[in-house]
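Naming convention: chains lettered A, B, ... in sequence-line order (proteins, then strands); numbering from 1 in each chain.
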Amino acid sequence: MLDRSKLLALYTRLFDSYGPQHWWPAETALEVMVGAVLTQNTSWKNVETAIRRLHKARSLTLPVLMQMDIDDLAMLIRPSGFYNVKARRLKNLCHWLEQMGGIAKLSTVDTTALRSSLLLINGIGAETADDILLYALHRPVFVIDTYTRRLLVQLEMIRGDEHYESLRSAFETALGADTRLFNEYHALIVRHAKEKCKRLTSNSDVYCNHCHVETGAGLIPRSTTVMPA
DNA sequence: ACCCAGGGTCATA
DNA sequence: TATGACCATGGG
């Protein structure tokens with residue numbers, strides 16, 4: 001269980017430090033969904049390049065993606081890495097969208113059913129599904145990622161070995177269904193993680209988020225700086 | 001040359 | 001249920 005007031009205090013601290021993050025950076029719901037797949041275990045910088053290539057090729061529409069050769073799609077998204085599997089996953093997602101009757105029809109389906117349906121798509125796991133639900137479809141779903149885990153472990157609010165669903169329901173129960181809050185909260189957590197990475201180059205005493213040291217308790221961040229000054 | 005990134009699937013035990 | 005291999009580019 002997570003403490004509501006502590007979560008809100010953390011959110012306030014993050015928001016006061018970084019301000020609104022304006023997520024998800026995309027023009028259409030389809031672009032959000034495509035980006036959610038492309039960013040799997042991949043830096044957003046590489047995804048941006050891939051998205052630009054798709055735009056330039058006028059390929060960010062459902063009909064175009066549906067008819068496009070999978071190998072041509074793979075070459076377009078090449079900069080995002082894992083391009084063969086991701087091309088297949090994008091095709092699977094498009095096939096699902098068409099089966100559902102198009103993106104507009106998704107608004108007639110309740111969030112729980114939509115989530116279950118998304119998770120049946122090969123290549124769409126829990127986090128990608130929740131990215132789509134929150135940032136493309138504006139459903140009150142809290143996205144859990146590795147940054148969220150690291151930060152809460154660092155703050156000693158969780159142990160770190162909790163399952164995805166366990167953490168997600170803990171956030172949603174503590175905060176209540178609030179799409180705008182969930183949107184900004186997850187974006188701020190990611191921003192905070194990136195912020196600490198930047199410091200690695202300028203201050204050798206402060207380490208980035210993924211510099212860890214092995215201890216008996218598992219992976220513990222070496223950094224003692226939880227929040228920026 | 002090494003480590004990692006806004007994960008997920010599949011085979012194996 | 002829980003590891004490990006695999007996917008692959010680009011930046012630190």
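Not counting sequence neighbours, the partners of A/Ala170 by the side chain to side chain contact (heavy atoms under 4.5 Å, CB included) test are A/Leu2. Legend: residues meeting ring-ring contact (aromatic ring centres under 6.0 Å, His included) with A/Trp44, ordered by chain and number and at least two apart, are A/Trp24. Remark: A/Phe171 engages A/Phe142 in a ring-ring contact (aromatic ring centres under 6.0 Å, His included) (not counting sequence neighbours). Not counting sequence neighbours, the partners of A/Lys6 by the side chain to side chain contact (heavy atoms under 4.5 Å, CB included) test are A/Asp3, A/Met157. Contacts of A/Pro63 classified as side chain to side chain contact (heavy atoms under 4.5 Å, CB included), with partners at least two apart in sequence or in another chain: A/Thr61.
Counting non-hydrogen atoms of other residues, nucleotides and ligands closer than 6.0 Å to CD of A/Glu156 gives a total of 12 or fewer. Summarising the local packing, NE2 of A/His95 is surrounded by 12 or fewer heavy atoms from other residues, nucleotides or ligands at distances under 6.0 Å.
Using modelled atom types, one side-chain atom of A/Ser59 and one backbone atom of A/Ala57 make a donor-acceptor pair closer than 3.5 Å. Side chain of A/Glu127 to main chain of A/Gly125: no donor-acceptor pair is present (N/O by atom type, distance under 3.5 Å, no hydrogens or angles).
On the P atoms, B/dC3 is 14 Å away from C/dA5, given to the nearest whole Å. Taking atom P on both nucleotides, C/dG4 is separated from B/dC4 by 15 Å, rounded to a whole Å. Comparing the P positions of B/dG8 and C/dG10 gives a spacing of 23 Å, expressed to the nearest Å.
Atoms CG (A/Asp161) and P (C/dT1) sit 15 Å apart, rounded to a whole Å. Counting to the nearest Å, the C1' atom of B/dC4 and the CG atom of A/Asp145 are 15 Å from each other. Separating the CH2 atom of A/Trp44 from the P atom of C/dG11 is a distance of 16 Å, rounded to the nearest angstrom. In this entry the distance linking CG of A/Asp131 with P of B/dG6 reads 12 Å, nearest Å. As a whole-Å value, the separation of A/Arg52 CZ from C/dG10 P is 12 Å. Atom CD in A/Gln21 sits about 13 Å away from atom C1' in B/dG6, given to the nearest Å. In this entry the distance linking CD of A/Glu195 with P of B/dG6 reads 14 Å, nearest Å. Following rounding to the nearest Å, A/Met33 (CE) and B/dG6 (C1') show an atom-to-atom distance of 17 Å.
The residue among A/Gly123 and A/Pro25 whose nearest nucleotide of DNA chain B lies closer to the 5′ end is A/Pro25.
Using a 4.0 Å heavy-atom cutoff across all strands shown, A/Ile124 reaches sugar-phosphate atoms only and no base atom. Using a 4.0 Å heavy-atom distance criterion, A/Ala50 is classed as making no nucleic acid contact. Nucleic acid contact for A/Ile121: sugar-phosphate only, since backbone atoms but no base atoms lie under 4.0 Å from a heavy atom of the residue.
Aromatic stacking is not marked for A/Tyr147 over B/dG6, as the cut-offs of 5.5 Å for the centres and 30° for the planes do not both hold.
Within the 4.0 Å cut-off from OP1 or OP2 of B/dG8, at least one side-chain nitrogen or oxygen of A/Thr128 is found.
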Please table the atom pairs, donor to acceptor, closer than 3.5 Å between any side-chain atom in residues 69-80 of chain A and protein atoms at least two apart or in another chain.
{"from": "A/Asp69", "atom 1": "OD2", "to": "A/Asp71", "atom 2": "N", "distance (Å)": "2.9"}
{"from": "A/Asp69", "atom 1": "OD2", "to": "A/Asp72", "atom 2": "N", "distance (Å)": "3.3"}
{"from": "A/Ser80", "atom 1": "OG", "to": "A/Ile77", "atom 2": "O", "distance (Å)": "2.8"}

Between side-chain atoms of residues 33-40 of chain A and protein atoms elsewhere (two or more places apart, or another chain), which donor-acceptor pairs fall under 3.5 Å?
{"from": "A/Thr39", "atom 1": "OG1", "to": "A/Thr42", "atom 2": "O", "distance (Å)": "3.3"}
{"from": "A/Gln40", "atom 1": "OE1", "to": "A/Arg89", "atom 2": "NH1", "distance (Å)": "2.7"}
{"from": "A/Gln40", "atom 1": "NE2", "to": "A/Gly123", "atom 2": "O", "distance (Å)": "3.0"}
{"from": "A/Gln40", "atom 1": "NE2", "to": "A/Thr128", "atom 2": "OG1", "distance (Å)": "3.0"}

List, one per line, each side-chain donor-acceptor pair under 3.5 Å for residues 101-108 of chain A, sequence neighbours excluded.
{"from": "A/Ser107", "atom 1": "OG", "to": "A/Ala104", "atom 2": "O", "distance (Å)": "2.9"}
{"from": "A/Thr108", "atom 1": "OG1", "to": "A/Lys105", "atom 2": "O", "distance (Å)": "2.7"}

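Shown for residues 162-184 of chain A: residues whose heavy atoms fall under 4.0 angstrom of DNA chain C, namely A/His163.
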Per-residue pairing states of DNA chain C in dot-bracket (Watson-Crick or G-U under 3.5 Å; . unpaired, | other strand) read |||||||.|||.

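Listed by first then second residue, pairs satisfying salt bridge (Lys or Arg N to Asp or Glu O under 4.0 Å) with a partner in residues 160-180 of chain A read A/Arg115-A/Glu165, A/Asp130-A/Arg168, A/Arg159-A/Asp161, A/Glu165-A/Arg168, A/Arg168-A/Glu172, not counting sequence neighbours.
For A/Arg150, whose side chain is taken as the heavy atoms from C-beta onward, the closest listed nucleotide among B/dG6, B/dG8, B/dA5 is B/dA5.
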Every protein N/O lying under 3.5 Å from an N/O of nucleotides 5-9 of chain C:
{"from": "C/dA8", "atom 1": "OP1", "to": "A/Tyr83", "atom 2": "N", "distance (Å)": "3.2"}
{"from": "C/dA8", "atom 1": "OP1", "to": "A/Asn84", "atom 2": "N", "distance (Å)": "2.5"}
{"from": "C/dA8", "atom 1": "OP1", "to": "A/Val85", "atom 2": "N", "distance (Å)": "3.3"}
{"from": "C/dA8", "atom 1": "OP2", "to": "A/Asn84", "atom 2": "ND2", "distance (Å)": "3.3"}
{"from": "C/dA8", "atom 1": "O4'", "to": "A/Phe82", "atom 2": "N", "distance (Å)": "3.0"}
{"from": "C/dT9", "atom 1": "OP1", "to": "A/Tyr83", "atom 2": "OH", "distance (Å)": "3.4"}
{"from": "C/dT9", "atom 1": "O2", "to": "A/Asn46", "atom 2": "ND2", "distance (Å)": "3.0"}

